[in-house]
Amino acid sequence: MKLNLLKLFRSCVLMLVALPLSEKAYSFAGAKPIGLQCEHLSNPIGIDARQPRLSWKLMDDRQGARQTAYKLIIGTDSVAVTKKKGNAWDSGKLLSSNSLVTYNGKPLSPFTKYYWLVEVWDKDGKPAINAEVSSFETGMMEMSNWKGSWISDSQDINTKPAPYFRKVFSAEKKIKSARAYIACGGLYELYLNGRKVGNHRLDPMYTRFDRRTLYVSYDVTGQLQNGKNAMGVLLGNGWYNHQSTAVWDFHKAPWRNRPVFCLDLRITYTDGSVETVTSGREWKTALSPIIFNSIYTAEHYDARLEQSGWNVVNFDDTKWRTSVPRTAPSDQIVAQVLHPIRNVETIPAKTVNKINDTAYVFDLGRNISGVSQIKVRGEAGTVIRLKHTERLYSNGRADMSNIDQHYRPVGDKDPFQTDIFILNGAGEESFMPHFNYKGFQYVEVTADKPIKLDQSSLTGYFMHSDVPVAGNIKSSNPTLDKIWHAANNSYLSNLFGYPTDCPQREKNGWTGDAHIAVETGLYNFDGITIYEKWLADHRDEQQPNGVLPSIIPTGGWGYEWGNGPDWTSTIAIIPWSIYQYYGDAGILTSNYKNIKRYVDHIQDIAPSGLTEWGLGDWVPVSTKPPVEFTSSVYYFVDATILAKIAVVLNKPEDAKKYLALAEKIRGAFNKKYLNSGTGIYGTGLQTELSMPLYWGLVPDSLKSKVAANLAKKVADSHNHIDVGLLGTKAILNALSENGYADLAYQVAVQETYPSWGWWIVNGATTLYENWRIDAKSDISLNHIMFGEIGGWFFKGIGGIKVDESKPGFKNVLLQPNFVSGLKHFEASHDGPYGKILSYWKREGNLVIYTVAIPANSTATLMPPLENGRKVYQQGKVISGKMELKAGKYEFEIK
């Protein structure tokens with residue numbers, strides 16, 4: 001009997017081992033809430049939100065898995081919350097599938113850690129497995145809670161060296177916890193007992209400093225010690241004290257001043273008492289070895305000026321000066337609640353070319369944003385220059401002629417993208433900039449005395465806002481995959497607390513580039529925290545009449561050039577896109593008045609419904625529509641989005657008003673530019689045909705005719721694009737959404753000029769600014785402006801699309817295109833409910849299509865069924881359109 005039981009047990013184990021991984025993971029576990037977040041971050045500290053947003057996902061692999069009810073329990077006692085008792089909020093059991101909920105309990109207190117969990121009931125009404133308890137911690141919440149003073153040194157804005165600050169204090173009682181809160185005009189690094197606090201780079205994020213200044217919170221419990229402690233702060237200029245001169249006049253910014261900071265170190269002892277160590281006049285200050293720093297150009301460091309141990313207790317600071325009090329940069333000091341900038345990826349040099357004993361050129365093998373670190377030995381006083389470029393001259397030396405065109409230096413002391421490192425001669429020395437980043441692939445290292453370097457002497461660090469990965473693409477076409485990687489690399493290279501155009505020549509928050517590439521960002525990365533911060537920058541920059549500048553933030557440049565609906569539609573497009581991808585209406589509420597003010601201003605200056613305010617289809621291949629054409633399309637887009645937002649926010653009168661405005665614009669636009677007989681817009685350019693199709697201005701009865709004209713126009717160009725920035729957003733989508741997906745795919749993966757693939761076959765690892773590789777201007781090799789293609793792969797081939805009526809992928813629209821020329825294609829996106837998978841492969845004339853829909857969401861499947869093809873599931877013919885519950889499905893199309 002025992003032997004039979006043993007055999008039975010062994011057979012059960014073997015059956016379990018044979019199960020697919022997903023079934024092993026979940027089949028015996030049941031439903032469970034996972035991925036708990038507050039304000040779209042995991043266990044954040046230092047939040048100011050009085051009603052923070054709480055969210056979670058449901059892990060449940062069963063077909064039709066969904067949440068039927070939830071209950072939130074929040075309190076300050078973790079043990080009590082574990083026992084499902086909360087002293088801050090108990091929502092009670094709510095019959096709802098919502099998994100994004102706004103806190104609605106007792107008023108939150110500052111400096112308080114709250115623990116929370118969510119109970120969930122599954123599709124059968126049964127309780128799910130308990131989630132792990134999560135937490136969030138409030139910060140200042142009120143300006144009046146700051147105790148520290150704003151301080152700086154006594155130097156003026158023209159002083160080049162960066163200042164050190166230090167303070168020694170005692171913590172005599174047993175420490176329970178400690179938090180450091182630091183706000184800054186400029187940039188800072190915070191040190192405690194000789195070690196840098198945290199792994200962030202370039203904090204705080206760039207804002208309009210005179211209107212909003214950010215503070216950052218750190219848990220420093222582990223770095224404090226009983227007895228004496230030393231705090232150190234190193235300040236950098238950032239965009240606050242811009243000493244470099246370029247065409248955008250940041251050196252004339254109204255906020256410009258010597259960097260300044262305010263700090264509170266709040267120590268909680270085990271006896272319940274609280275002590276706050278603050279910034280103030282008693283802090284000592286001296287100049288650091290960073291003899292120059294510019295966020296725009298580079299950093300200069302003289303190691304001979306190092307003061308070893310400057311941030312530890314026993315350092316002799318008797319020769320240091322006392323700090324001076326200063327006013328705060330702004331009246332709004334608010335929490336920085338977003339994914340920080342970090343050194344995300346380490347990239348060893350791929351090759352090194354020794355030019356001579358004083359010159360070496362390193363190649364990272366790919367284009368990045370970030371910094372380099374050099375390790376070198378040499379005589380004291382040896383001056384080493386590290387010139388960072390994207391290209392090389394034919395002789396192998398660094399060429400920055402494509403990226404320094406807008407720099408207007410005064411003298412030769414601030415060379416572009418060139419760090420300067422002066423050795424102290426004390427053995428092997430290392431240097432990496434503190435307060436700068438660059439865009440580069442090559443680093444030319446030159447010295448005024450012979451030095452010995454090898455391939456290991458220099459390392460690159462890919463720096464950017466460290467947003468979680470949310471999407472993936474794999475296909476049978478290597479060029480397609482490389483284009484997707486290049487788009488992602490350019491997107492990340494231009495994400496530094498705000499979206500930029502390029503990481504070298506400008507580093508500006510160009511609005512047009514950002515709204516064109518927003519879906520590439522949202523499909524591939526979890527970037528909501530960055531966009532919410534950037535929309536707050538929009539609100540800071542908007543003039544009372546509604547006008548926005550073309551770059552955001554700005555020191556004043558961009559209100560008179562480069563703005564207009566085609567560029568600054570970011571104020572409408574990005575909030576609406578965030579809402580579509582996350583289902584979070586908070587960003588709509590925050591920006592609604594600003595969108596209205598912006599649209600109303602356009603209506604005031606363009607009462608006819610058409611506007612010439614704008615920049616136009618930037619950097620086209622060869623043709624460009626009138627600015628009135630492209631700007632009026634975006635005016636229509638803004639009015640349409642505003643009407644939709646009014647519906648979401650339950651503002652029926654506004655919805656009616658702006659829907660009527662959108663119809664007025666559509667009517668005026670079609671009257672002037674549409675030939676209804678031929679189905680031609682304007683003169684029939686690719687941009688002129690694709691933009692009205694994609695953005696919804698074409699009458700339904702003419703869509704097929706306009707689409708056919710577009711397809712013919714593309715065919716006449718030998719299946720190549722002939723568009724600029726605005727056209728790239730529209731053309732692939734207009735084709736794939738109107739029956740020409742095969743053609744869109746051929747355009748997308750072309751490998752001859754002009755095309756994205758043309759860049760790839762010529763060695764690109766990022767996207768370029770110009771279709772012509774040999775162009776004389778507009779030729780940054782790391783630009784995101786043509787980046788829509790990275791999002792189109794998900795939509796146009798994978799078919800993963802948002803459903804406006806059920807945003808946040810509550811219902812997923814699945815409209816894949818099984819394009820000719822691909823053997824297989826896989827797209828996945830990790831949305832608010834979990835991972836969505838759309839995967840298809842060919843086996844002869846058969847297409848096998850696999851989809852996965854996460855728990856608590858649904859999907860509408862609409863596969864293409866041209867030429868009489870049918871969809872089969874388990875051998876049975878099914879409808880061409882299907883409503884799917886959560887789960888995994890496999891279909892055959894033949």
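All figures in this text were calculated on a predicted structure; none of them were measured in a lab.
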Any side-chain heavy-atom pair from [X] and [Y] closer than 4.5 angstrom?
X: Val637; Y: Ser569; answer: no
X: Tyr582; Y: Leu522; answer: yes
X: Thr728; Y: Ile516; answer: yes
X: Val467; Y: Asp526; answer: no
X: Gln815; Y: Ile800; answer: no
X: Leu884; Y: Thr858; answer: no
X: Leu72; Y: Leu54; answer: yes
X: Val633; Y: Asp566; answer: no

Could you tell me whether the side chains of [X] and [Y] share a donor-acceptor contact shorter than 3.5 Å?
X: Thr766; Y: Asn489; result: no
X: Tyr523; Y: Asn488; result: no
X: Thr850; Y: Trp840; result: no
X: Trp484; Y: Asn524; result: yes
X: Tyr681; Y: Asn709; result: no
X: Ser493; Y: His464; result: no
X: Asn477; Y: Lys823; result: no

Selection residues 852-864 - residue pairs positive for salt bridge (charged side-chain N to carboxylate O under 4.0 Å, His left out), sequence neighbours left out: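 Passing the test, one end in residues 852-864: no pairs.
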
Please, which pairs that meet salt bridge (charged side-chain N to carboxylate O under 4.0 Å, His left out) have at least one residue in residues 784-796, sequence neighbours excluded?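 Listed by first then second residue: Glu519-Lys795, Lys729-Glu788, Glu788-Lys795.
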
Identify whether the distance between the nearest side-chain nitrogen and carboxylate oxygen of [X] and [Y] falls below 4.0 Å.
X: Lys703; Y: Asp700; answer: yes
X: Asp122; Y: Arg62; answer: yes
X: Lys71; Y: Asp90; answer: yes
X: Glu532; Y: Arg53; answer: yes
X: Lys894; Y: Glu843; answer: no

Can you give me the closest heavy-atom contact between [X] and [Y], atom names plus distance?
X: Asp584; Y: His40; value: OD2-NE2, 2.8 Å
X: Ser135; Y: Pro44; value: O-CD, 3.8 Å
X: Lys835; Y: Pro854; value: O-CD, 3.5 Å
X: Leu36; Y: Leu117; value: CD2-CA, 4.3 Å
X: Gly727; Y: Ser690; value: O-OG, 4.3 Å
X: Ala662; Y: Phe636; value: O-CD1, 3.3 Å

Students often mix this up, so state it plainly: with edges at 30° and 60°, are the rings of Tyr634 and His515 parallel, tilted or perpendicular?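 Aromatic pair Tyr634/His515 classed tilted.
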
Should the ring pair Tyr579 and Trp576 be called parallel, tilted or perpendicular, given that the plane angle runs from 0 to 90° and is split at 30 and 60?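 Correct class here is tilted.
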
For [X], check ring-ring contact (aromatic ring centres under 6.0 Å, His included) against everything at least two apart and list the hits.
X: Phe809; result: Tyr581, His829
X: Tyr849; result: Phe818
X: Tyr70; result: Trp56

Atom pair OG1 (Thr640) and CG (Leu697), whose distance is rounded to the nearest 0.5 Å: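 Here the rounded value is 7.5 Å.
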
Are Trp756 and Phe786, when compared by the centres of their aromatic rings, separated by less than 6.0 Å?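 No.
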
Tyr491 and Phe525: aromatic ring centres closer than 6.0 Å?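 Between Tyr491 and Phe525, the centre distance is under 6.0 Å.
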
Check whether any side-chain N or O of Asn811 sits under 3.5 Å from a backbone N or O of Ala859 as a donor-acceptor pair, and report yes or no.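 Looks like yes, one N/O pair under 3.5 Å.
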
Ser476: what forms a side-chain hydrogen bond (donor to acceptor under 3.5 Å, both in side chains) with it, not counting sequence neighbours?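 So Ser476 forms no side-chain hydrogen bond (donor to acceptor under 3.5 Å, both in side chains) with any residue.
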
Audit row: Val847, Glu892, side chain to side chain contact (heavy atoms under 4.5 Å, CB included) steps and yes/no: CA-CA 6 Å; Val847 174; Glu892 293 182 347; over 6 Å; no

Are more than 12 heavy atoms, taken from residues, nucleotides or ligands other than Glu883, located less than 6.0 Å from that residue's CD atom?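 Correct, the count exceeds 12.
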
Pi-cation contact, Trp121 with Lys93 (under 6.0 Å, within 45°):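 Because its charged atom sits under 6.0 Å from the ring centre and within 45° of the axis, Lys93 does stack over Trp121.
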
Please assess Ile483 against Ile789 for the test side chain to side chain contact (heavy atoms under 4.5 Å, CB included), listing each intermediate value before the final yes or no. CA-CA 8 Å; Ile483 293 170; Ile789 191 169; 3.9 Å; yes

Go through it in stages, so that I can follow the logic: the residues are Asp638 and Lys596, the test is salt bridge (Lys or Arg N to Asp or Glu O under 4.0 Å), and I'd like the CA-CA distance, side-chain angles, deciding distance and then a yes or no. CA-CA 9 Å; Asp638 295 340; Lys596 277 186 65 175; over 6 Å; no

